[in-house]
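Working notes, structure below.
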Amino acid sequence: MTQEQWGQVCKNLLGSVGQNNFTNWIEPIEFLDIREGVAVFNVPTSFMGNYVSQNFGDLILHQLTRAGEDVRRLQFQVATNNPARAERHQAASRVNGADMTAKAAPTPAAQNELLPGAPLDARFTFDNFVVGKPNELAHAAARRVAEGGPVTFNPLFLYGGVGLGKTHLMHAIAHELRARQPDLNVVYLSAEQFMYRFVQALRDRRMMDFKQLFRAVDVLMVDDVQFIAGKDSTQEEFFHTFNALIDANKQIIISADRAPGEIKDLEDRIKSRLQCGLVVDLHPTDYELRLGILQSKVDTFRNQYPDLVLADGVLEFLAHRISTNVRVLEGALTRLFAFASLVGCEITLDMTQDCLADVLRASERKITIEEIQRRVAEHYNIRLSDLVGPKRVRSFARPRQVAMFLCKQLTSRSLPEIGRRFGGRDHTTVMHGVKRIDELRVQDGQIAEDIEMLRRTLEA
Ligand SMILES: Nc1ncnc2c1ncn2[C@@H]1O[C@H](COP(=O)(O)OP(=O)(O)OP(=O)(O)O)[C@@H](O)[C@H]1O
């Protein structure tokens, strides 16, 4: 394959991975040759080789095969020093439009190993983010931060359960900032990558470079920060980086799977610093949001599969039955479309049930005690700790009984187990609470209405 033909393959790759990934990861690799079914590339560092191989390997292989090459494997070898390559790698180190290596001026060796940010997913934009009640606050806060301007919420802390759109929103902020202010040095990475780089810097005795690199950013985004819980020295370094950036009035955006105060094994001083900006959560999706997401996905699939027929009621069925997380929902739809186009059939309700039998089984709704407690506390506007705590004032005791009642009705947990989860109460207390609410339901219209509404949202 000639360099020209490789250039054509690159054009196709650009279409699949998006401009950002392309600039950061594909452009810096140098195509050398195809020898006996192995495509060989020069890469500036082994880290980059591993990353490209893991994340884009299949795509590259696919595109090479499409171009008519007989390739079975890719091989990435670290290039020996040459100025052209060094230049390419400089380009790779330019994250989101800003040249971090130049700003921080670390040693050449540091440039090789400390690639500052992880690539952004081109699909995770604000345009592709469907807004509904459960995520409207998080979306609005993300939008505000993405508009740039004076730093208002610092840090912005986004949290929520698995697959609810935290990473999507963070990438959307980064895309938007980059589009609005190309010179801004925006760095997005996971807490795990932060730790990885920290450990590597320690091992290579390059802590000064590490500190300089991280203190030279304008906007730092750290995803899944709960990962550093229990990792003492990483926490310590994170704390220093965090403080230095906040003091310099630089924007920080953090995500986690739970609220700062609820992350176990995270130092108190970090918890309290994480809470000093704006903390917003992404609630579990409701039916309407899931339907909206499915509809927007179908719109994008339409370009790919223009002839596919989708029967009425399929999306509603999926939105109703798959309520675990958006990732599973999207995966289900992708599978449906792929299957229907391969087999050449319409997407009907029967076909959906067959094709997704395993996903539907796994998504069977299991309401948990924690979910009930959280919803009830929200509904009555009291803290979760008061709902399960010892205080017996009516404003806590009644919601507590409502929650116990719903636990009994909607889960298969025993009375002693429910008692344990309500601050270690005895099963007779639970029994009394359940009985009391059963009586009140008949006498008190408001309680009956509360229960009905809570049950509906929990079962949605
Ligand atoms: N409101 C939404 N609109 C459109 N797509 C969404 C929405 N919420 C989530 N998604 C999609 O669902 C998938 C999972 O989202 P994402 O990776 O952002 O979740 P997460 O909260 O970061 O999960 P995790 O805790 O596993 O890291 C992504 O493909 C994302 O685009």
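By convention here, the first residue in the shown sequence is residue 1. What you are looking at is a predicted structure, and each value in this text was computed from that prediction instead of being measured. Whatever order the structure lists ligands and atoms in, that order sets their numbers, starting from 1. Computation of the quantities below employed the complete heavy-atom set of this structure, encompassing side-chain atoms and omitting hydrogens, waters and symmetry-equivalent molecules.
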Give every pair made of an N or O atom of ligand 1 and a protein N or O atom lying under 3.5 Å apart, one pair per line with both atom names and the distance to 0.1 Å, or write 'none'.
{"from": "ligand 1", "atom 1": "1 (N)", "to": "Val130", "atom 2": "O", "distance (Å)": "2.8"}
{"from": "ligand 1", "atom 1": "1 (N)", "to": "Asn135", "atom 2": "ND2", "distance (Å)": "3.3"}
{"from": "ligand 1", "atom 1": "3 (N)", "to": "Val130", "atom 2": "N", "distance (Å)": "2.8"}
{"from": "ligand 1", "atom 1": "17 (O)", "to": "Arg327", "atom 2": "NH2", "distance (Å)": "3.0"}
{"from": "ligand 1", "atom 1": "18 (O)", "to": "Lys166", "atom 2": "N", "distance (Å)": "3.4"}
{"from": "ligand 1", "atom 1": "18 (O)", "to": "Thr167", "atom 2": "N", "distance (Å)": "3.1"}
{"from": "ligand 1", "atom 1": "18 (O)", "to": "His168", "atom 2": "N", "distance (Å)": "2.8"}
{"from": "ligand 1", "atom 1": "19 (O)", "to": "Gly165", "atom 2": "N", "distance (Å)": "3.3"}
{"from": "ligand 1", "atom 1": "21 (O)", "to": "Leu164", "atom 2": "N", "distance (Å)": "3.1"}
{"from": "ligand 1", "atom 1": "21 (O)", "to": "Gly165", "atom 2": "N", "distance (Å)": "3.1"}
{"from": "ligand 1", "atom 1": "21 (O)", "to": "Lys166", "atom 2": "N", "distance (Å)": "2.9"}
{"from": "ligand 1", "atom 1": "21 (O)", "to": "Lys166", "atom 2": "NZ", "distance (Å)": "2.8"}
{"from": "ligand 1", "atom 1": "22 (O)", "to": "Thr167", "atom 2": "N", "distance (Å)": "2.9"}
{"from": "ligand 1", "atom 1": "22 (O)", "to": "Thr167", "atom 2": "OG1", "distance (Å)": "2.6"}
{"from": "ligand 1", "atom 1": "23 (O)", "to": "Gly163", "atom 2": "N", "distance (Å)": "2.8"}
{"from": "ligand 1", "atom 1": "23 (O)", "to": "Arg327", "atom 2": "NH2", "distance (Å)": "3.3"}
{"from": "ligand 1", "atom 1": "25 (O)", "to": "Lys166", "atom 2": "NZ", "distance (Å)": "2.9"}
{"from": "ligand 1", "atom 1": "26 (O)", "to": "Arg327", "atom 2": "NH1", "distance (Å)": "3.1"}
{"from": "ligand 1", "atom 1": "26 (O)", "to": "Arg327", "atom 2": "NH2", "distance (Å)": "3.1"}
{"from": "ligand 1", "atom 1": "29 (O)", "to": "Glu330", "atom 2": "OE1", "distance (Å)": "2.8"}
{"from": "ligand 1", "atom 1": "29 (O)", "to": "Glu330", "atom 2": "OE2", "distance (Å)": "3.4"}
{"from": "ligand 1", "atom 1": "31 (O)", "to": "His168", "atom 2": "ND1", "distance (Å)": "2.6"}

Going by atom types alone, do Asp224 and Ser190 pair a side-chain donor with an acceptor below 3.5 Å? no
So, Arg455 and Gln409: side-chain donor and acceptor under 3.5 Å apart, yes or no? yes
Please name the pair of heavy atoms, one in Leu458 and one in Ile367, separated by the smallest distance, quoted to 0.1 Å. O-CD1, 3.7 Å
NZ or CZ of Lys297 within 45° of Phe301 ring axis and under 6.0 Å: yes
Could you walk me through whether His139 and Phe126 pass the ring-ring contact (aromatic ring centres under 6.0 Å, His included) check? CA-CA 9 Å; His139 171 260; Phe126 281 120; 5.7 Å; yes
Starting from the C-alpha separation in whole Å, work towards a yes-or-no answer on ring-ring contact (aromatic ring centres under 6.0 Å, His included) for Phe194 and Phe210. CA-CA 10 Å; Phe194 179 87; Phe210 177 90; 5.6 Å; yes
